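Heads up: the structure comes next, in structure tokens.
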Amino acid sequence: MMTVTVSEATIDAGTEFAAISASGAGGIATFVGLVRSDDGVAILSLEHYPGATEAALRALADTAIARWDLIGARITHRVGDMHPGEIVVFVGTAARHRGAALEACAFLIDRLKTEAPFWKKETRGGETSWVEPRDSDDVAAARWKA
Amino acid sequence: MMTVTVSEATIDAGTEFAAISASGAGGIATFVGLVRSDDGVAILSLEHYPGATEAALRALADTAIARWDLIGARITHRVGDMHPGEIVVFVGTAARHRGAALEACAFLIDRLKTEAPFWKKETRGGETSWVEPRDSDDVAAARWKA
Amino acid sequence: MLYFAWVRERIGKASETVSPPSEVTTVAALIDWLAAGSTDHAAAFVDRNRLRAAVDQVFVALDAPLGSPREVAIFPPVTGG
Amino acid sequence: MLYFAWVRERIGKASETVSPPSEVTTVAALIDWLAAGSTDHAAAFVDRNRLRAAVDQVFVALDAPLGSPREVAIFPPVTGG
């Protein structure tokens with residue numbers, strides 16, 4: 001079971017977790033990325049490429065489901081304006097065994113960072129700037145090359 | 001911030017998640033192990049070694065916090081009788097960056113499986129039997145040897 | 001054409017319809033052609049190393065052949081998640 | 001002494017207080033001594049490869065020196081999580 005959602009709605013971790021854990025699997029791994037509250041960002045704005053974003057996320061989820069024989073995968077990504085402490089992205093994987101769930105979860109968030117068309121803009125101290133891509137993201141994504 | 005809990009109380013994923021995500025971190029990784037609903041187990045009973053269990057879990061959390069510079073680690077383990085779909089264990093890690101959170105979460109659940117004194121007994125079709133240890137758990141735990 | 005993030009901001013619009021001449025056969029050539037026709041586009045496209053593209057929603061290298069696409073998107077490297 | 005899981009079930013009790021003679025200086029020797037004194041203990045301890053131990057809540061190998069512990073636990077390999 002695969003569910004991919006991209007929307008401006010607030011992400012509730014409890015709701016997301018309940019959805020991925022309804023699969024009857026033995027192990028659920030999740031990763032949640034939040035707007036950090038410790039580095040002075042007042043607003044994080046996420047722009048995306050409608051249509052292409054969902055297609056990219058579905059392709060990643062398909063790959064993970066096949067590679068780790070997952071029972072379920074769920075990706076929920078917020079776009080628009082967000083505040084510190086709010087959830088930017090939820091990734092959840094369900095599998096019979098924990099190793100598959102954990103690896104697939106790491107795979108999805110690493111690849112999502114480099115392959116899905118999202119762009120972050122930060123407002124801090126009244127100044128707005130686009131976030132620069134990080135080399136470490138490319139390194140993290142590259143380790144999953146089969 | 002480290003929190004280790006071992007009790008017979010039902011584990012609520014939303015409550016657990018809220019607790020670990022309150023740290024202000026940018027990334028939260030979690031693993032949740034559930035009683036599988038697909039292999040005929042009616043009751044899973046967990047016995048543990050009171051005192052020694054909590055000490056073992058705290059030692060693991062301390063190790064993970066130091067090794068991955070975590071902002072928070074949370075381990076909640078249920079004992080007693082459980083039914084399919086119920087949560088056996090919640091592991092949550094909070095870090096500034098996702099790689100640390102994800103790796104530390106995998107470390108904690110892998111090591112917990114081989115180092116914390118819990119014993120599982122399964123009741124299926126009216127028959128009760130103790131779960132045998134799995135070699136794959138030793139392999140998973142060994143990969144974290146520094 | 002679709003533009004995203006600071007490419008969109010520098011050009012001053014999120015989308016436009018263009019009709020490049022037939023010798024424009026790659027994404028890079030399309031970028032050159034757009035930059036030659038407008039100072040805003042030229043400003044947005046000044047550093048080619050910081051541009052990425054998709055043709056009909058498929059991510060491609062800038063030297064990829066263009067074909068006859070319905071939709072070409074130009075944008076910075078992604079920074080999501 | 002503390003016993004857990006099927007070790008506890010086979011012995012028929014979760015805990016007991018014992019006073020082994022002074023020549024019992026390792027966990028393995030303690031197990032031998034307990035098994036010699038009771039058929040239930042002997043049945044629980046029949047396969048030494050499937051036994052693990054903790055002395056004063058510290059996990060140890062069966063050939064570890066015993067010292068003068070307050071609490072020794074004997075149990076199967078763990079299967080938690």
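Naming convention: chains lettered A, B, ... in sequence-line order (proteins, then strands); numbering from 1 in each chain. Predicted model, so just to flag it, every value in this text is computed and none were measured.
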- Message: Working to the nearest 0.5 angstrom, can you tell me the gap between Asp12(A) CG and Phe17(B) CZ?
- Response: 9.5 Å
- Taking Ala29(B), Ala22(B), Gly14(B), Pro84(B) one by one, which has the highest count of heavy-atom pairs under 4.5 Å against chain A? Ala29(B)
- Smallest separation among heavy atoms of Ala140(B) and Arg98(A), with atom names: CB-NH2, 3.6 Å
- Task: Look up atom CG in Asp137(B) and atom NE2 in His97(A), then write down how far apart they are to the nearest 0.5 Å.
- Result: 10.0 Å
- Note on the structure: Most heavy-atom pairs under 4.5 Å with chain B, out of Lys113(A), Glu16(A), Arg96(A), belong to Arg96(A)
- Query: Any idea which of Leu34(B), Val89(B), Val35(B) has the most non-hydrogen atom pairs under 4.5 angstrom with chain A?
  - Reply: Leu34(B)
- Task: Measure distances from Leu102(A) to the heavy atoms of chain B and classify the residue's part below 4.5 Å as side chain, backbone, both or neither.
- Result: side chain
- The interface call for Arg134(A) against chain B, heavy-atom contacts under 4.5 Å, is side chain
- Item | Side chain / backbone / both / neither for Ala106(A) at chain B, heavy atoms under 4.5 Å | both
